[in-house]
Amino acid sequence: MLKRQLSRLQTYLGKIKYMTRLPNIVIIVDLQEKYTALRECITLGIPTICLIDTNSDLGLADISICCAEACKR
């Protein structure tokens with residue numbers, strides 16, 4: 001079980017150790033689900049582009065693109 005968890009973590013997070021600087025921009029697909037990631041980007045000063053649902057807060061992202069819930073699936 002631990003080998004499976006380690007393999008999964010390496011698959012998803014393994015490339016982070018090679019990052020030498022912060023990204024220029026971050027694209028967030030679901031603002032309500034990835035709110036923590038958006039707050040981290042705001043704290044670090046990374047510009048964000050967000051695809052947001054019509055009932056989300058438009059003022060949090062640098063560039064907001066409104067879309068319907070069915071479009072994200």
Side-chain angles (χ1 to χ4, degrees):
M1 180 161 165
L2 290 176
K3 287 184 181 181
R4 184 173 35 163
Q5 287 178 345
L6 179 61
S7 175
R8 183 171 177 231
L9 287 173
Q10 286 177 341
T11 300
Y12 289 109
L13 303 174
K15 303 296 181 184
I16 291 177
K17 66 181 177 182
Y18 299 114
M19 289 181 65
T20 57
R21 60 184 175 83
L22 293 174
N24 293 329
I25 197 162
V26 173
I27 300 172
I28 298 174
V29 175
D30 189 2
L31 179 62
Q32 290 178 338
E33 185 176 322
K34 305 295 182 188
Y35 182 75
T36 305
L38 177 67
R39 295 300 308 165
E40 289 178 10
C41 289
I42 291 170
T43 302
L44 294 172
I46 302 171
T48 56
I49 298 175
C50 292
L51 296 176
I52 59 173
D53 200 13
T54 53
N55 60 353
S56 297
D57 187 10
L58 298 174
L60 293 177
D62 294 318
I63 299 173
S64 299
I65 301 172
C66 293
C67 63
E69 180 68 28
C71 295
K72 292 185 278 187
R73 294 182 185 173

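Numbers here are sequence positions counted from 1.
Remark: Leu38 CG to Gln32 CD distance equals 12.0 Å, nearest 0.5 Å. Here CD1 of Ile27 is found 8.0 Å from CG of Leu51. Values are rounded to the nearest 0.5 Å. How far CD1 of Ile28 is from OG of Ser64: 10.0 Å, rounded to the nearest 0.5 Å.
By the 4.5 Å heavy-atom criterion applied to side chains, Ile63 and Cys50 are not counted as neighbours. Residues Ile49 and Val26 have side chains not in contact (no heavy-atom distance under 4.5 Å, counting atoms from C-beta outward).
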>> Show, in sequence, the C-alpha distance, side-chain angles and deciding distance for Leu60 and Tyr35, and conclude whether the side-chain contact (heavy atoms from CB on, under 4.5 Å) test is met.
In response: CA-CA 10 Å; Leu60 293 177; Tyr35 182 75; 3.5 Å; yes
>> Applying side-chain contact (heavy atoms from CB on, under 4.5 Å) to Ile52 and Ile65, what does each step give before you reach the verdict?
In response: CA-CA 6 Å; Ile52 59 173; Ile65 301 172; over 6 Å; no
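Tyr12 is not connected to Met19 by any chain of hydrophobic side-chain contacts under 4.5 Å among Ile, Leu, Val, Met, Phe, Trp and Tyr, and they are in different clusters. Leu44 and Leu31 fall within the same hydrophobic cluster, where Ile, Leu, Val, Met, Phe, Trp and Tyr residues are linked whenever their side-chain heavy atoms come under 4.5 Å apart, directly or through other members. With hydrophobic clusters built from ILVMFWY side chains whose heavy atoms lie under 4.5 angstrom apart, Leu9 shares a cluster with Ile16.
Between Cys41 and Thr48, the closest heavy-atom pair is CB-CG2, 3.5 Å.
Exactly one residue among Ile42, Thr36, Thr43 makes a side-chain contact (heavy atoms from CB on, under 4.5 Å) with Glu40. That residue is Thr36.
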